[in-house]
Student: 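What follows is a structure written as structure tokens; I'll ask about it next.
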Amino acid sequence: MRLLVTGGSGFIGSNFIHYWMDVHPDDSLVNLDKLTYAGNPANLRDIEGSENYQFIHGDICDEKIAEQAMRGCDAVVHFAAESHVDRSILSPHDFVRTNVLGTHVLLETARKLKIGRFHHVSTDEVFGSLPLGSREHWTENTAYNPRSPYAASKAGADHLVRAYHTTYGLAATISNCANNVGPYMFPEKLIPLAITNLLEGKKVPVYTPGNQVREWLYVTDHCRAIDLILQKGSLGETYFVGPDNPEYTNLEIVKKILGTMKLPETQIEFVTDRPGHDQRYALDWTKIKTELGWEPEVNLDSALKQTVDWYSNNQDWWKQVKSGEYQKYYQKQYGRSL
Ligand code: NAD
Ligand code: TYD
């Protein structure tokens, strides 16, 4: 099989490419990536010379590039996106462009080239915000209720994918996954930001009051789920992908990281809350478990330990990432230099 991966130089995409080359060594992969601030060729350095891997530097919004990349492919796994909520609040334009228009260009290209399979990678946050303390979980039938520009742009993309399946019969599937954690995650998201700040002797900014709840899944569990959906998923269907952990607040997650790194809680610094901050995310992923037999394999403690170890052992990677543009972003977002 020849697979087009979009956004393969980012966090989940690069983990997925590593996973796929390991598990399906006879397949060939094309990675179409614009290399935005979040895309990093270093994530795939070890495989860039492989015969069955091709990198195309380009924008998914560019119809010609999209067609060049997709031609001859049997399937598409679409990760490319602007992916950070706080950046979407600071400047939403790129989110609408890449996440909505870019997805549309890929769908049109897939329709034109009669691509056999299109998997769209989406997120839990398109469903909005559950009340803290409630036991409610979202299911694949829950109505969309996005509340940040990021979530709204991903929701727009999900709707387009579904429309292309219904209207044109595109062989599409969607997964909505919980927050991922693992190697190569850009240190703007809570967990890698916390770990790398702590490794530099700096404090962890926790949005006040720190009682919001997210679910965290180890990235390779997400990659396995996408693989299974591609192999066995029903066309036109959506699958939730989530962890099997108790719920933890952001403050509890940061305390767990401090525990893993044997550092004191005085390293926590409460900062101004995110506008429109979603309170709680909770996915009911019974469908993928019962229909496809998927279950997560890595529990939260092990996921955090493996992630702390990776950032401790790969300091050159994140020190390079945290220079330049990142410093400007940090100043704008947190009102202080790093
Ligand atoms: P990321 O920000 O780390 O990587 C995004 C990648 O897309 C980068 O390599 C970037 O260069 C590329 N890209 C951005 N705009 C592009 C464009 N116009 N054309 C081509 N490439 C472009 O993101 P991630 O965390 O790896 O997320 C990947 C996907 O998974 C996204 O669609 C995201 O919505 C979804 N997702 C992420 C999480 C999470 O916890 N990170 C959870 C659920 C779903
Ligand atoms: P994040 O990693 O940005 O993912 P998402 O917003 O997509 O869930 O944030 C996870 C949680 O951590 C979210 O509730 C916001 C919070 N958070 C902080 O408290 N401090 C921070 O510096 C960041 C980036 C996030």
Side-chain angles (χ1 to χ4, degrees), residues 5-17 31-41 43-44 56-62 65-66 69 77-89 94-95 97-99 101-103 105-106 120-126 129 148 150-151 153-154 157-158 174-182 184-194 197 203-217 219 222 226 240-242 248-251 253-254 268-274 276-281 283 321 330 333-334:
V5 176
T6 69
S9 303
F11 163 47
I12 307 176
S14 61
N15 277 283
F16 181 79
I17 288 177
N31 170 19
L32 170 60
D33 199 297
K34 188 181 174 185
L35 298 180
T36 66
Y37 78 92
N40 189 345
N43 298 1
L44 294 166
I56 297 179
H57 184 194
D59 190 332
I60 57 166
C61 301
D62 181 330
I65 293 271
V77 181
H78 173 34
F79 292 97
E82 291 292 337
S83 70
H84 188 42
V85 174
D86 292 322
R87 288 190 193 248
S88 84
I89 295 168
D94 285 349
F95 287 73
R97 185 181 175 278
T98 287
N99 300 359
L101 294 179
T103 301
V105 168
L106 293 175
H120 173 62
V121 181
S122 191
T123 171
D124 52 6
E125 42 209 290
V126 295
S129 176
S148 70
Y150 166 61
S153 64
K154 290 297 291 187
D158 292 13
I174 299 175
S175 50
N176 295 86
C177 189
N179 289 36
N180 284 215
V181 56
Y184 304 111
M185 191 171 199
F186 196 86
E188 62 190 352
K189 312 266 172 42
L190 177 65
I191 289 180
L193 176 69
N197 274 16
K203 295 197 177 194
V204 180
V206 172
Y207 297 153
T208 308
N211 62 350
Q212 302 85 6
V213 171
R214 295 292 184 271
E215 300 187 295
W216 298 95
L217 181 74
V219 64
H222 187 187
I226 295 170
F240 279 4
V241 184
Y248 292 104
T249 65
N250 292 337
L251 194 54
I253 289 288
V254 171
I268 294 169
E269 177 178 36
F270 286 98
V271 299
T272 310
D273 199 6
R274 172 187 282 174
H277 198 162
D278 291 340
Q279 296 297 291
R280 173 176 169 260
Y281 298 158
L283 294 176
V321 165
Y330 204 91
Q333 175 61 21
Y334 296 98

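Each ligand, and each atom within it, is numbered from 1 in the order the structure gives.
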Student: Check whether any N or O atom of C177, backbone or side chain, sits under 3.5 Å from an N or O atom of ligand 1, and answer yes or no.
Tutor: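 So ligand 1 has no N or O lying under 3.5 Å from an N or O of C177.
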
Student: Is a donor on one side and an acceptor on the other found under 3.5 Å between the side chain of D273 and the backbone of V271?
Tutor: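 It does not hold such a pair.
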
Student: Whether the side chain of K203 engages the backbone of N197 through a donor-acceptor N/O pair (distance < 3.5 Å, no angle test) should be reported.
Tutor: no

Student: Compare R214, Q279, R274, E269 and give the one whose heavy atom is closest to atom 6 (O) of ligand 2.
Tutor: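 The nearest heavy atom belongs to R274.
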
Student: In the protein, which heavy atom is nearest to atom 42 (C) of ligand 1, and how far is it?
Tutor: A178 O, 3.3 Å

Student: Which ligand 2 atoms does E125 reach within 4.0 Å, using its non-hydrogen atoms?
Tutor: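 Every atom of ligand 2 under 4.0 Å from some heavy atom of E125: 7 (O).
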
Student: I'd like to check whether G10 has a polar contact with ligand 1, where a contact means an N/O of the residue lying under 3.5 Å from an N/O of the ligand.
Tutor: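 Yes, there is a polar N/O contact under 3.5 Å.
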
Student: To check your reading of the model: name the closest protein heavy atom to atom 20 (N) of ligand 2, its residue, and the distance in Å.
Tutor: P205 O, 2.8 Å

Student: What I want to know is whether D59 and ligand 1 share at least one N or O pair that is separated by under 3.5 angstrom.
Tutor: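 Looking only at distances, the answer is yes, because the N/O contact criterion of under 3.5 Å is met.
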
Student: Report the residues that fulfil ring-ring contact (aromatic ring centres under 6.0 Å, His included) with Y248, sequence neighbours left out, ordered by chain and then residue number.
Tutor: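 Result, ring-ring contact (aromatic ring centres under 6.0 Å, His included) vs Y248: none returned.
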
Student: Is it true that D94 and K34 have a side-chain N and a carboxylate O under 4.0 angstrom from each other?
Tutor: no

Student: Using a 4.0 Å heavy-atom threshold (strictly under), name the region of V271 that reaches ligand 2: side chain, backbone, both or neither.
Tutor: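 Neither part.
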
Student: Please examine the side chains of D59 and R97, heavy atoms only from C-beta on, and report whether any two atoms are closer than 4.5 Å.
Tutor: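 R97 reaches D59 side chain to side chain.
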
Student: Under 3.5 Å between some N or O of ligand 2 and some N or O of N250?
Tutor: yes

Student: Quick one: does F79 get an N or O within less than 3.5 Å of an N or O on ligand 1?
Tutor: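 Yes - when backbone and side-chain N and O of F79 are compared with those of ligand 1, one distance drops under 3.5 Å.
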
Student: Hey, does L190 come in under 3.5 Å of ligand 2, counting only N/O atoms on both sides?
Tutor: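 Yes, since at least one N or O of L190 sits under 3.5 Å from an N or O of ligand 2.
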
Student: N31 side chain to G8 main-chain N or O, any donor-acceptor pair under 3.5 Å?
Tutor: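 Checking the backbone N and O of G8 against the side chain of N31, a donor-acceptor pair under 3.5 Å is found.
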
Student: Between ligand 1 and T36, is the shortest N or O to N or O distance under 3.5 Å?
Tutor: yes

Student: Going by the order shown, which atoms of ligand 2 are within less than 4.0 Å of some heavy atom of E188?
Tutor: 24 (C)

Student: Geometry only, no angles: is V206 polar-contacting ligand 2 at N/O separations under 3.5 Å?
Tutor: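 In fact, backbone or side chain, V206 has no N or O that close.
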
Student: For ligand 2, find out whether one of its N or O atoms is nearer than 3.5 Å to an N or O atom of D278.
Tutor: no

Student: For H222 and ligand 1, does the shortest N/O to N/O distance drop below 3.5 Å?
Tutor: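 No; every N/O pair is 3.5 Å or more apart.
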
Student: Is there at least one pair of N or O atoms, one from I12 and one from ligand 1, spaced under 3.5 Å apart?
Tutor: yes

Student: Short N/O distance, under 3.5 Å, between N180 and ligand 1?
Tutor: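 Checking ligand 1 against N180, an N or O pair does fall under 3.5 Å apart.
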
Student: Counting only heavy atoms, tell me which of A80, A81, G7 gets closest to atom 14 (C) of ligand 1.
Tutor: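 Going through A80, A81, G7 one by one, A81 has the nearest heavy atom to atom 14 (C) of ligand 1.
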
Student: Using modelled atom types and a 3.5 Å cut-off, is there a donor and acceptor pairing between side-chain atoms of T98 and backbone atoms of F95?
Tutor: no

Student: Sub-3.5 Å donor-acceptor pair from the side chain of T208 to the main-chain atoms of F270, do we have one?
Tutor: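 Checking the backbone N and O of F270 against the side chain of T208, no donor-acceptor pair under 3.5 Å is found.
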
Student: Does Y37 come within less than 4.0 angstrom of ligand 1, counting non-hydrogen atoms of the residue?
Tutor: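 The answer is no: ligand 1 sits nowhere under 4.0 Å from a heavy atom of Y37.
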
Student: For the residue pair Y150 and T123, establish whether any side-chain heavy-atom pair is separated by less than 4.5 Å.
Tutor: yes

Student: Pull out every atom of ligand 2 sitting under 4.0 Å from any heavy atom of Y334, numbered as shown with elements.
Tutor: 21 (C), 22 (O), 23 (C), 24 (C)

Student: Show me which atoms of ligand 2 lie under 4.0 Å from any heavy atom of H277.
Tutor: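 Close to H277: 13 (C), 14 (O), 15 (C).
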
Student: Within less than 4.0 angstrom of ligand 1, does G8 place any heavy atom?
Tutor: no

Student: Can you pull out the closest protein heavy atom to atom 3 (O) of ligand 1? Residue, atom name and distance to 0.1 Å, please.
Tutor: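 Heavy-atom neighbour on the protein nearest atom 3 (O) of ligand 1: F11 N, 3.0 Å.
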
Student: So which heavy atom in the protein is nearest atom 44 (C) of ligand 1, and how far is it from that ligand atom?
Tutor: S122 O, 3.1 Å

Student: Quick test: of every protein heavy atom, which one is nearest to atom 19 (O) of ligand 2, and how far off is it to 0.1 Å?
Tutor: Y207 N, 2.8 Å

Student: Under 4.0 Å, counting heavy atoms only: does D33 come that close to any atom of ligand 1?
Tutor: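 Heavy atoms of D33 do come under 4.0 Å of ligand 1.
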
Student: Do the side chain of N99 and the main chain of E82 share a donor and acceptor less than 3.5 angstrom apart?
Tutor: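 Present.
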
Student: Does even one non-hydrogen atom of F186 get within less than 4.0 Å of ligand 1?
Tutor: no

Student: Is Y150 touching ligand 2 with its side chain, its backbone, both, or neither, if touching means heavy atoms under 4.0 Å apart?
Tutor: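 No part of Y150 comes within reach of ligand 2.
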
Student: Please classify the N179 to ligand 2 contact at 4.0 Å (heavy-atom distances, strictly less than): side chain, backbone, both or neither.
Tutor: side chain

Student: Just wondering, do S9 and N43 contact through their side chains at under 4.5 Å, heavy atoms?
Tutor: no

Student: Looking only at distances, please establish whether an N/O atom of ligand 2 is found under 3.5 Å from an N/O atom of D86.
Tutor: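 No, since none of the N or O atoms of D86 sits under 3.5 Å from an N or O of ligand 2.
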
Student: So, is Y281 polar-close to ligand 2, with some N/O to N/O distance under 3.5 Å?
Tutor: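 By distance alone, the answer is no.
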
Student: Taking non-hydrogen atoms only, is F95 closer than 4.0 angstrom to ligand 1 via side chain, backbone, both or neither?
Tutor: neither

Student: Report the part of H78 (side chain from C-beta onward, or backbone N, CA, C, O) that has a heavy atom under 4.0 Å from ligand 1; answer both or neither where that applies.
Tutor: neither

Student: List for me each residue that meets ring-ring contact (aromatic ring centres under 6.0 Å, His included) alongside F79, sequence neighbours excluded, and say none if there are none.
Tutor: F16

Student: Can you check whether A80's main-chain N or O pairs, donor with acceptor, with T6's side chain at less than 3.5 Å?
Tutor: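 Looks like yes, one N/O pair under 3.5 Å.
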
Student: List every atom of ligand 2 that sits less than 4.0 Å from any heavy atom of H84, numbering the atoms from 1 in the order shown and giving each element.
Tutor: 3 (O)

Student: What about E82: any of its N or O atoms under 3.5 Å from an N or O on ligand 1?
Tutor: no

Student: Salt bridge or not between E188 and R87? Use side-chain N to carboxylate O under 4.0 Å.
Tutor: yes

Student: With a cut-off of 4.0 Å, which atoms of ligand 1 are near a heavy atom of N179?
Tutor: 40 (O)

Student: Hey, which atoms in ligand 2 end up nearer than 4.0 Å to a heavy atom of K189?
Tutor: 2 (O)

Student: Could you tell me, atom by atom, which parts of ligand 2 come under 4.0 Å of a heavy atom of V85?
Tutor: 6 (O), 7 (O)

Student: Report the part of L193 in contact with ligand 2, treating N, CA, C, O as backbone and CB onward as side chain, heavy atoms under 4.0 Å; options are side chain, backbone, both, neither.
Tutor: side chain

